[in-house]
Each structure stands twice: as C-alpha cells, then as structure tokens.
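Index from 1, following the sequence.
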Amino acid sequence: RLVLNIMQRMSGIATKAHHLQGLCAGTKAKVIDTRKTTPGFRFFEKWAVVIGGGANHRYGLFDMILIKDNHIIAAGGVKAAIDRARSRAPHTSKIECEVDKLEQLEEALAAGADIVLLDNMDTPTIEEAVRRTRGRALLEASGGITLERISELARAGVDAISVGALTHSTPAADIGLDFVPVSQG
C-alpha cells in the first residue's frame, strides 16, 4: 500500500504539472515548483514535476540566493541586499530578488540581479515589467497564481511561473491495484 500511495501522490503532481505547462503552450514560460514540499518527499515531488513537463526552482537554500522582502528591509534596500549577497556568494551563484513594485524592479536590474521574482503583481504590471526588463534578467511570476491566470501570465512574457500548490496542494491520482485470477489452462 505504501508504494501505491507514493505512486498516487507523484502521479497527481506529474499530471498537474503537465496540465499547467500545457496552459503555457506557445510561450517560453516554464511552470516551476517551489520548496513547499512534503517533509521527506522533496526529491520525489520535484522529480514528479519534471516528469510532468515542469521544472524545478531551488531544491534547497544552497542552490541559489533568493532575496525576499524581509531581506530587503533588513539590508536597507534592494541594492544593498543584492550587493551584500553578491559580496558573500560564490562566483557561480545566481541571485534572485523578489519585488512587488516596478520601482524595485528597476533597482534590482540596476544592481545586477540574475532573476527577478515578480510577487503578487497583476497582469498589466507584469507586462510592464517584461517591457522594462528587455531580457536583462529572467522574470518569474509568483503569488496569486491561479489556473485562470497561468495562460495570461505566460503570454505576458515571463520566463517562469512558480506554483507552490503544485507540490503542497495537488490531490493524489486515483490509482487502483487489483489482482485478477490467472486461468490454469
């Protein structure tokens, strides 16, 4: 039963990832997961996302630096947070910075963020962010992502759309395991 339960869970995640990525067809947008996974099952859940056609964000805190709103406040601003992270990070580390206003986007781009996470922005604001960025950084849409918004966000031109619900709220697929008698003939 344990193996069947795991198969159901991972199949549900892979199916959902496949569906969400299908909603992005014809765009460059990739549906990505987050670190919001079931304790002890991160490897399997992230693998299921990839099998379904999505992609993984960070596996752990060690993969990349993600500067969140609290980091920005603690550092004294977007530029200060990025500068501080860059000064302490290995030269191979990418730095992603979360922003919730276009003014912060401009600061993050000027400070050299590799990726900018557009947090809880409406679609017109995201379209403006894509226009302003002009390929200088990868753009990730996050927060308030619904089935209805995935396609419009993908068409807006973002590179990635992160969906925490992909791993923390997707229902398991209904898979049965039934033996059938073998005829002796």
**Student:** State, with a plain yes or no, whether a side-chain heavy atom of I145 is found less than 4.5 Å away from one of I161.
**Tutor:** yes
**Student:** Distance-only check: which donor-acceptor pairs under 3.5 Å involve side-chain atoms of residues 169-180, not counting sequence neighbours?
**Tutor:**
residue	atom	partner	partner atom	Å
T170	OG1	A165	O	3.1
T170	OG1	L166	O	2.7

**Student:** Which pairs with one or both residues in residues 46-63 pass salt bridge (charged side-chain N to carboxylate O under 4.0 Å, His left out), sequence neighbours excluded?
**Tutor:** D33-K46
**Student:** CD1 of I6 to OG of S11: how many Å apart, nearest 0.5 Å?
**Tutor:** 11.5 Å
**Student:** Can you tell me how far apart CZ (R35) and CD (E45) are? Round to the nearest 0.5 Å.
**Tutor:** 13.5 Å
**Student:** Indicate yes or no: at least one non-hydrogen side-chain atom of T38 is less than 4.5 angstrom from one of R9.
**Tutor:** yes
**Student:** Flag the pair E107 and K79 as a salt bridge only when some basic side-chain nitrogen lies within less than 4.0 angstrom of an acidic carboxylate oxygen.
**Tutor:** no
**Student:** Output yes when D159 and K30 qualify as a salt bridge under the 4.0 Å nitrogen-oxygen rule, no when they do not.
**Tutor:** no
**Student:** Are the side chains of L147 and L20 in touch, meaning some heavy atoms are under 4.5 Å apart?
**Tutor:** yes
**Student:** Considering only distance and modelled atom types, tabulate donor-acceptor pairs under 3.5 Å from the side chains of residues 117-131, sequence neighbours left out.
**Tutor:**
residue	atom	partner	partner atom	Å
N120	OD1	G144	N	3.4
D122	OD1	T125	N	2.9
D122	OD1	T125	OG1	2.5
T123	OG1	R149	NH2	3.3
T123	OG1	E152	OE2	2.4
E128	OE1	R131	NE	3.0
E128	OE2	R131	NE	3.4
E128	OE2	R131	NH2	2.4
E128	OE2	R132	NE	2.9

**Student:** For atom NE2 of H168, is the number of surrounding heavy atoms from other residues, nucleotides or ligands below 6.0 Å larger than 12?
**Tutor:** yes
**Student:** Do the non-hydrogen side-chain atoms of T34 and H57 ever get within less than 4.5 Å of each other?
**Tutor:** no
**Student:** Going by heavy atoms in the side chains, are Q104 and V116 under 4.5 Å from each other?
**Tutor:** no
**Student:** Can you get from I115 to I72 by hopping between Ile, Leu, Val, Met, Phe, Trp and Tyr side chains that sit under 4.5 Å apart?
**Tutor:** no
**Student:** With respect to C97, which candidate in L109, L66, I82, I65 satisfies the side chain to side chain contact (heavy atoms under 4.5 Å, CB included) definition?
**Tutor:** I82
**Student:** For R155, does its backbone N or O pair with a side-chain atom of T27 as donor and acceptor, under 3.5 Å?
**Tutor:** no
**Student:** Are R1 and N5 linked by a side-chain donor-acceptor pair shorter than 3.5 Å?
**Tutor:** yes
**Student:** Is a side-chain N or O of Q21 found less than 3.5 angstrom from the main chain of K16, in a donor-acceptor match?
**Tutor:** no
